[in-house]
Protein chains: 2
Amino acid sequence: MAARTRLTRDRVVGAALRVADAEGLDGLSMRRVADELGVETMALYRYTSSKDELLDGLVERLFIELEESLGSTPFGPAALAAGDAETAPPWREALVGVARAMYRVALAHPHVVPLMALRPFTVPLTRRPPAVLRAHERLLTRLERAGLGERATLELYRAFISWVLGYIVTELREVVDNPDEPEPAFRLGLHRLPVKEFPRLRALGPGLAARGGEEQLAAGVTALIDRFAPPT
Amino acid sequence: MAARTRLTRDRVVGAALRVADAEGLDGLSMRRVADELGVETMALYRYTSSKDELLDGLVERLFIELEESLGSTPFGPAALAAGDAETAPPWREALVGVARAMYRVALAHPHVVPLMALRPFTVPLTRRPPAVLRAHERLLTRLERAGLGERATLELYRAFISWVLGYIVTELREVVDNPDEPEPAFRLGLHRLPVKEFPRLRALGPGLAARGGEEQLAAGVTALIDRFAPPT
DNA sequence: GCGGCATATTTACCTCGTAAACATGTCGTT
DNA sequence: AACGACATGTTTACGAGGTAAATATGCCGC
């Protein structure tokens, strides 16, 4: 378990991802990641300039997984680069496909999603990880090829990002208050809501706790597309 | 400046909000908040059980501001409680009005927005601050009064939250790389993007940096309403 | 005037990120 | 084979931050 293999950035990020997946962001300390690799803490700093930068690495990982998961499909980067107007799927469907893939990747790493949402508050656009920028560029490429004007392109770009991100975040919100409780209503802790004040929340409780799923995500994407780039 | 006035939870949360607004979340430490009040750090713990709980207090503040800003309008809680079908605005417009108000409150406290997005990952639904729960309840009330079925209610509830939250988060992402630079393209740091790889990002740069504004937010809300609760 | 309670302070501890100096092992060169 | 330079990992150490526990302070009713 010692320094059998050399450290690499990939191994460091991989270890960080394992820790984050297993123990959440709170459990993700530099010391913990170092342990995971059987290495001293400061060794990590040869492969990341700071913890923040390592967090960006985690986000980048998700976007790389995204590229990989799309790679083999008609929605993938390859198909896009080929620019084959014959075999390429209609752009609207491509957007939906990308949204679905993002959804799956995000749900596979729920603890990293907060970073996806938050790091951009700090890291300016042009300093985002390459894989993230590539995803943006691909989105813009599709919109441009669709023949949208600049205004529609910008609006749809923003709308797509907002909806997909917001939807994923919303899906991952915690609803369970008491995990060991078998009775759904108690699991949610609905009994702590005064009936008088919160009748609907109580009545809909279980429904609120359920996920919307990929289908609703897809429905929203098409709704926004139709709004900001109406079929002519 | 000493302990002239007694401490209260409101004063503590207020001080925390001032610090957050002025110095961002990174600057928000318990010691800093205590300084702001001219008090020792541990004094704060009489009014909050932990820092996390204080962060929830910040989020709650925003929702209270939301209630206040809506209070005097036809979209406010009062108008809703009155249940006056005559004077009450059509529910679709009410949703748009609420979205706009949230947008304004959020932009007034950009540093708190990350907390709005993130605390729910940790805090289960029924443990959210009362003002937050009231906002949810009001939303559900409007949808129920609109005569939507349970399914449409749940879908629209989720869609509304997702879109508004995602949109606000997206609006607040950092884009400026070099704030002192007058030239827009350099301000964004576009020169760091290889032309070959990122032609569209570079071309659209300034457009991406711009805000979508309230109008696009509103447009998205109506698009999603039409999708999940189509006018009959 | 005094006991008691709410309020605020003092002390102290532990975790965390990371700077800086140091050790070690590998490899190319002669 | 010997050596020096560099890349890789370790040791040591510091300061910031959250918060537990014990302690002091001031005000209140009796």
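These numbers come from a predicted model, not from an experiment. A, B, ... follow the sequence lines: proteins, then strands. Residue 1 opens every chain.
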- Rounding to a whole Å, what distance do you find between A:Leu44:CG and C:dA19:P? 13 Å
- Give a yes/no answer on whether the side chain of B:Tyr45 brings an N or O atom under 4.0 Å of OP1 or OP2 in D:dG18. no
- How long is the line joining CZ of B:Arg6 and P of C:dT7, in whole Å? 5 Å
- Atom CD of B:Glu40 and atom P of D:dT25 are separated, to the nearest Å, by 13 Å
- Message: Quick check against the 3.5 Å criterion: does A:Glu174 have a side-chain atom that pairs as donor or acceptor with the backbone of A:Val176?
- Response: yes
- Task: Consider the side chain of A:Ala43, meaning its heavy atoms from C-beta on, and name the nucleotide among D:dT8, C:dG17, D:dT10 that approaches it most closely.
- Result: D:dT10
- Would you mind checking if A:Glu40 and A:Arg31 are paired as a salt bridge, meaning a charged N to carboxylate O distance below 4.0 Å? no
- Item | A:Asp52 and A:Arg119 ion-paired at < 4.0 Å | yes
- Once the angle between the rings of A:His136 and A:Tyr157 is folded into 0 to 90°, is it parallel (under 30°), tilted (30 to 60°) or perpendicular (over 60°)? perpendicular
- Given atom CD of B:Glu53 and atom P of D:dT19, what is their separation to the nearest angstrom? 11 Å
- Task: Among the candidates C:dG17, D:dT19, D:dG17, find the nucleotide nearest to the side-chain atoms of B:Ser29.
- Result: D:dG17
- Task: Identify which nucleotide among C:dA8, C:dT18, D:dG9 has an atom closest to any side-chain atom of A:Tyr47, counting heavy atoms from C-beta outward.
- Result: D:dG9
- Counting just side-chain N and O atoms, does B:Arg31 come under 4.0 Å of either OP1 or OP2 of D:dA16? no
- Item | Separation between CG of A:Leu95 and CG of A:Leu156, rounded to the nearest 0.5 Å | 6.5 Å
- In whole angstrom, give the distance that lies between atom CD of A:Glu23 and atom P of C:dT15. 15 Å
- Query: Between B:Leu7 and A:Ser49, which is nearer to the 5' end of DNA chain C once each is assigned its nearest nucleotide?
  - Reply: B:Leu7
- Task: Pick base, sugar-phosphate or nothing for A:Thr41, based on heavy-atom distances below 4.0 Å to the nucleic acid.
- Result: base
- Query: For the pair made of CE in B:Met42 and P in C:dA8, what is the distance, rounded to whole Å?
  - Reply: 13 Å
- Message: Nearest whole Å is fine: how far is D:dT8 P from A:Arg9 CZ?
- Response: 15 Å
- Note on the structure: From CZ of A:Arg46 across to P of C:dA19 the rounded distance in Å is 12 Å
